[in-house]
Enquirer: 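First the structure, which I've put down as structure tokens, then a few questions once you've had a look.
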Amino acid sequence: MAAVVLVHGLYHRPEHFAVVAERLRTAEVEVVVPGLHRGSLPADTAAVQSAVDALPEPAIVLGHSYGGSVITGVRGAGHLVYLAAFVPDVGESAAGLGGASPQLQDAITPGPEGSTSLHPGRAAATLYGDCPDPLATRAVGLLRAQAPGCGRGVPERHSWKRTPSTYVVCAQDRAIDPDLQRRMASRCTDVREWRTGHSPFVGQPDLVVELLRELLAADTSRGRDEGAATTR
């Protein structure tokens with residue numbers, strides 16, 4: 001069975017990918033959505049690595065926003081997808097690349113013991129501004145606080161240097177500057193641009209599903225061609 005691993009960003013939960021995951025599973029795609037918030041980039045990367053290692057074949061691994069830093073450090077993926085995500089090079093972190101937009105920074109509110117959360121109204125406008133109100137409201141309700149240390153760090157590996165990759169620029173993004181996305185996209189094998197905000201898996205999940213099914217079909221076709229060449 002074809003497989004996809006979906007990696008969420010900061011303040012998010014696996015449930016934010018629920019619609020995408022359900023539609024892929026309906027198409028007989030195995031989907032794994034590991035939870036992050038492990039306290040550091042290495043810990044988050046290890047959680048995703050375990051999910052990838054548990055699958056019988058190399059999976060397509062999609063990272064959203066901070067999730068791009070996570071998937072950059074993962075070994076053994078068949079294809080990487082960066083969805084409005086960070087693509088760090090050696091010695092780079094998400095913050096060093098440009099980090100959150102001023103609008104997103106304005107939405108961050110301090111909490112107890114160094115934790116942070118997102119102001120609901122500002123989060124809705126910044127992360128889900130192009131989504132229908134009911135979907136945006138549900139997505140905001142799923143957001144969680146971040147403990148100190150979450151989201152920080154420099155990847156130990158840089159898998160995009162040797163693994164096929166696709167970058168999706170979200171041209172109406174208010175959380176990560178689309179021009180920054182385009183610069184990071186130049187590091188990837190292929191680039192797409194969608195006229196969406198930061199979170200198309202909430203407002204336009206079919207776009208995400210169609211891209212992943214396209215990549216899965218291409219990988220399957222490539223595998224058949226390689227198998228035929230081997231038997232000749």
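Values reported hereafter were calculated over all heavy atoms of this structure, with side chains retained and with hydrogens, waters and symmetry mates removed. Residue indices begin at 1 and follow the sequence shown.
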Enquirer: Output the distance between atom CD1 (Ile71) and atom OG1 (Thr45), rounded to the nearest 0.5 Å.
Expert: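 Reported to 0.5 Å precision, the distance equals 10.0 Å.
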
Enquirer: Report yes if the distance between the aromatic ring centroids of His37 and His8 is under 6.0 Å, otherwise no.
Expert: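 That pair passes the under 6.0 Å test.
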
Enquirer: What about His64 and His198, are their ring centers closer than 6.0 Å?
Expert: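 For His64 and His198, the ring centres are under 6.0 Å apart.
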
Enquirer: Just verifying a value: how many Å separate Leu180 CG and Asp173 CG, rounded to the nearest 0.5 Å?
Expert: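 Taking CG in Leu180 and CG in Asp173, the distance rounds to 9.5 Å.
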
Enquirer: Indicate whether the side chain of Asp177 and that of Gln181 have a donor and an acceptor atom separated by less than 3.5 Å.
Expert: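 Side chains of Asp177 and Gln181: no pair found under 3.5 Å.
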
Enquirer: So how far is it from Leu83 CG to Ser199 OG, rounded to the nearest 0.5 Å?
Expert: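 Between atom CG of Leu83 and atom OG of Ser199 there are 8.0 Å.
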
Enquirer: Would you call Arg187 and Glu92 a salt bridge, taking side-chain N to carboxylate O under 4.0 Å as the test?
Expert: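 Between Glu92 and Arg187 there is a salt bridge, with a charged N closer than 4.0 Å to a carboxylate O.
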
Enquirer: Can a donor-acceptor pair be found between the side chains of Thr72 and Tyr82 at a distance below 3.5 Å?
Expert: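 Yes, Tyr82 and Thr72 have a side-chain donor paired with an acceptor closer than 3.5 Å.
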
Enquirer: Please check this pair: side chain of Glu15 against backbone of Leu142, looking for a donor-acceptor N/O pair closer than 3.5 Å.
Expert: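 Side chain of Glu15 to backbone of Leu142: no pair is present.
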
Enquirer: Looking at Asp89 and Lys161, is there a salt bridge between them, counting it only when a charged N and a carboxylate O are closer than 4.0 Å?
Expert: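 Asp89 and Lys161: salt-bridged.
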
Enquirer: Could you give the distance from CZ (Arg138) to SG (Cys131), rounded to the nearest 0.5 Å?
Expert: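 It comes to 12.0 Å.
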
Enquirer: State plainly whether the residues Arg182 and Glu193 are in salt-bridge range, i.e. N to O under 4.0 Å.
Expert: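 So Arg182 pairs with Glu193 through a salt bridge.
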
Enquirer: Taking Glu214 first and then Arg192, would you say they form a salt bridge - that is, a charged N and a carboxylate O separated by under 4.0 Å?
Expert: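 So Glu214 pairs with Arg192 through a salt bridge.
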
Enquirer: Is there a donor in the side chain of Tyr11 and an acceptor in the side chain of Thr116, or the other way round, less than 3.5 Å apart?
Expert: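 Judged by distance alone, the side chains do pair up.
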
Enquirer: Nearest 0.5 Å, please: how far is CZ in Arg174 from CG in Leu127?
Expert: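 Rounded to the nearest 0.5 Å, the CG-CZ separation comes out at 10.5 Å.
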
Enquirer: Do His79 and Thr163 meet the criterion of a side-chain donor-acceptor pair at a distance under 3.5 Å?
Expert: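 No pair is found: no donor N or O on one side chain lies under 3.5 Å from an acceptor on the other.
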
